[in-house]
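Following: one structure in C-alpha cells, then a few remarks.
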Amino acid sequence: MAQKKLYGAVAEFPSPAALLEAARRMREHGYTRMDACTPFPVHGLDQVLGIPHSPLGYIAFLGGAAGFVAAILLQWWTGAVDYPLIIGAKPLFAFEPSIPIIFELTVLFSAFATVGGMLTLNRLPRLHHPLFELDAFRRVTNDRFFLAVEAEDPKFRSDETKALLESLGAKGAALVEEEG
Amino acid sequence: MADVVMDRPLPLDPPLVEGNPTYSQITDDVAGIVERKPPREWYAAISVTGLLTLALGISIAWLLYKGVGIWGNNQPVAWAWPITDFVFWIGIGHAGTLISAILYLFRQRWRTSINRAAEAMTIFAVMTAGLFPLFHTGRPWRAYWLFPIPNLDLSLWQNFRSPLMWDVFAVSTYATVSILFWYVGMIPDLGTLRDRAAGLRQKIYGFFALGWRGSAWHWNHYEKAYLILAGLSTPLVLSVHSIVSLDFAVSIVPGWHTTIFPPYFVAGAIFSGFAMVITLMVLARKAYRLEHLITINHLENMNKILLATGSIVGYSYAVEFFTAAFSGNPYEQFVFMNRVVGPYAWAVWTMFFCNVFAPQLFWFRKVRRSIPAMFVVSIIVNVGMWFERFNIIVTSLHRDYLPSSWGMFTPTVFDFLTFFGSLGFFLTMFLLFLRFLPAIALSEVKAVIPAPQPEKEGE
C-alpha cells in the first residue's frame, strides 16, 4: 500500500454566495492554492481563485484553420492532381464549389479541437481524485458547494486552515488524504 | 460583479421554473426519472414503437436481399419517398440545435429546461435520416465510398464538385458536432447520476462522466468550450439544410432550380423541428410530471417560433409562385400550375393547409397556451412538412421537360413500412434516452433559478 499524504482541507457550504464569500476571505488571509467544486458554474469564483482566462479560443481557431487547409488540399489534390477528371466541363479545382466542404471541415476540426482541448486542459478523463474520498463530496453534483485548500499552499497548516474554514460559515470541514 | 447580476432573472420576467424548488428537489425530479421504474405509459409507448422498429428492420432486411425495387421508386420519380423521408428527418433535427446553440448565444435562458431533450431529438432525427440515403444507394455495404478513404477497390476519388458530396460532409459533420455538443453538455449531469448511484450503474455513469468533480478550474474551460461549440453549431445548423437544398437547387429540374431554396429549407426545417419538439415535450412533461420545469411559458415561446417560421415558410411558397410567373420560363410556370391543379394537387393543398394556415392560430394567446390545441397543431405541422418534401420531390420529377417521359409515382407497402418504421425507430431512441440519460440539463437549470435564501440554508 502506498503511503498516504495530505491533499488539503475541504469545507462544505450550502449556497454559492456563502462559498464565494468564504473564498474571498481565504484569499484575504493569503491562501493562493485553492479549488472550489460546485454543481454549476458560480460566476465570480474565477477572479477570487485567480483562475486565468481560458486559452481554448486559440485552440479552437487552430483546429478550424487546420480543417480549412485540409479541405482545400483534399479537394484540390484529389480532383486536380491525383485523379483529374473533367465533369460537366467544370474546372478541375475552383474555390466556389469547394466552399461547402471547406466550411464543414473547418467546423468539424474546430469542434474536435475544442472538445479535445477542453478535456486536455482539464486533465480529464481521470480515474480518481482525492476529493472523492470524502462521503459528503457526493453532493457536489447536487446542491453543495465545496472549497478546498491544497496542502501545497505555502500558508497551509492543516489544523489552522481547517479551523479557519469552519469559522467562515462552513457546514463542515475535513482534511483529505491522497495515495502518495 | 456585473455578470453575476446578468445571470439572475429580472424581477418582472415570468419565473423560468415554477414552485421555487431547491437545488436538491430539481436533482431528485430529473435524476429520479432514470432511477425509478418508468411510468406505465413508457412501457405502452415503447411496445408500439418497438414493433414499428421491427417493421423497419424487416423491410430493410428484405430490401438488402431483394434490392431497392421493393420501393415504388422508378423513372421518372427516382428519388421518391426515401429522399422525402431523408429531408423530413434532417429538418426535424434543426430545432434541437437552434434551441441549444442559437438561443444560447442570444442568452434566452428559458432554453435550459428543454435544450437537452431537444438536442437528443436532433441526434436521433439525424440518425434516422441517415438510414434513407444509405439504403437508397442500393449497395449500403459500399457506403464507405462516400468518404475520401484511399482504397483499392475504388482507385478513384469522389467528385467534390457535386452537391451530393457536399451533402455527405454537411450531414456527417452535423451529426458529429451535435453529438459532441450534446455529450459535453451532459458531462456534469452524468456526474450527478454517478454520485447518486451505486454498483454497476455508478461505474457506467462514472465512466461517461470522465471523473467530473465540478472544479471551478474545470468550469472555466468547460463554459468556454460550450460557448465555442454553440458558436460553431450556429452557422453549422444553417448550413446543413442549405446544402441539402443545393442537392435540388444546383440541378436544372424545373421546380428545383431556384435560389430561394437555402433560406426556405432552413426556415422549414426549424418549423418542422419545433413542431416535433412540442409534440414530444407535451407528452414527456405530462408522463413524467415535469410541468414545473417545462412550463406553459416554454411551450408558448416555442409556439411563437412556430408561428414566425410558419409564416416565413408561407412567404417562401408565395415567392416560388411569383418567381415562376415572373421568370417567363414556360417549364417553370408549368410545374407550378401542375402543382396546384395537377394530379398531385391534393398533396399541395394539404401542405398549404398544414403549414401556412394551421399555425396562424397561434396569433391567439389562448391557443398558444392551450396544451390540446398546440398538440394538434404540432401534429398537423409534422404532417404538412412531410408533404412539403413530397411535393418538392415528386411533383417536380413526375413531369419535367419531355412529356414522353412523364409518369406517376405509386408507393408500395415497403415505402409505408420504411417510413412508419423510421418513425418508430426515432421514438424508440427518444424513449430510451428518457429512460437512461438526464432529460433536463440539471447544471444549467440550477444556474438560472434564484439561489436559496439565507434562512433556508440550515435545512
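Each chain gets a letter, A, B and so on, in the order its sequence line appears, and its residues count up from 1. Since we're looking at a predicted model, the values are computed, not measured.
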Worksheet entry | A:Phe40 vs B:Glu444, side chain to side chain contact (heavy atoms under 4.5 Å, CB included): CA-CA, chis, key distance, verdict | CA-CA 7 Å; A:Phe40 54 86; B:Glu444 289 189 42; over 6 Å; no
Fill in: Per-residue contact mode, A:Phe132 against chain B (heavy atom under 4.5 angstrom)
side chain
Item to complete: Go through the atoms of A:Ala60 and report whether side chain, backbone, both or neither lie under 4.5 Å from a heavy atom of chain B.
Response: side chain
Worksheet item: B:Asp189, B:Leu236, B:Val168, B:Ile243: which one forms the most heavy-atom pairs within less than 4.5 Å of chain A?
Response: B:Leu236
Item to complete: State, without any angle test, whether B:Ser215 and A:Asp35 hold a side-chain donor-acceptor pair at a distance under 3.5 Å.
Response: yes
Worksheet item: Side chains of A:Thr141 and B:Asp195: donor-acceptor distance under 3.5 Å anywhere?
Response: yes
Discussion item. Heavy-atom pairs under 4.5 Å with chain B - which of A:Gly64, A:Pro100, A:Ala71, A:Gly57 has more of them than the others?
Written reply: A:Pro100
Practice prompt. Sort and list the pairs that fulfil side-chain hydrogen bond (donor to acceptor under 3.5 Å, both in side chains) and have at least one residue in residues 58-84 of chain A, not counting sequence neighbours.
Written response: A:Asp82-B:Trp157
Practice prompt. Could you check if a side-chain atom of A:Leu108 sits within less than 4.5 angstrom of a side-chain atom of B:Val177, using non-hydrogen atoms only?
Written response: yes
Fill in: Side chain to side chain, A:Phe103 and B:Ser239, heavy atoms closer than 4.5 Å
yes
Worksheet item: For B:Ile102, what residues pass the side chain to side chain contact (heavy atoms under 4.5 Å, CB included) criterion, not counting sequence neighbours?
Response: B:Leu98, B:Phe106, B:Thr234, B:Val237
Fill in: Option from B:Lys224, B:His221, B:Glu223 for which side-chain hydrogen bond (donor to acceptor under 3.5 Å, both in side chains) with A:Ser54 holds
B:His221
Response to the item:
Here the gap from A:Leu124 atom CG to B:Leu210 atom CG, rounded to the nearest 0.5 Å, amounts to 6.5 Å
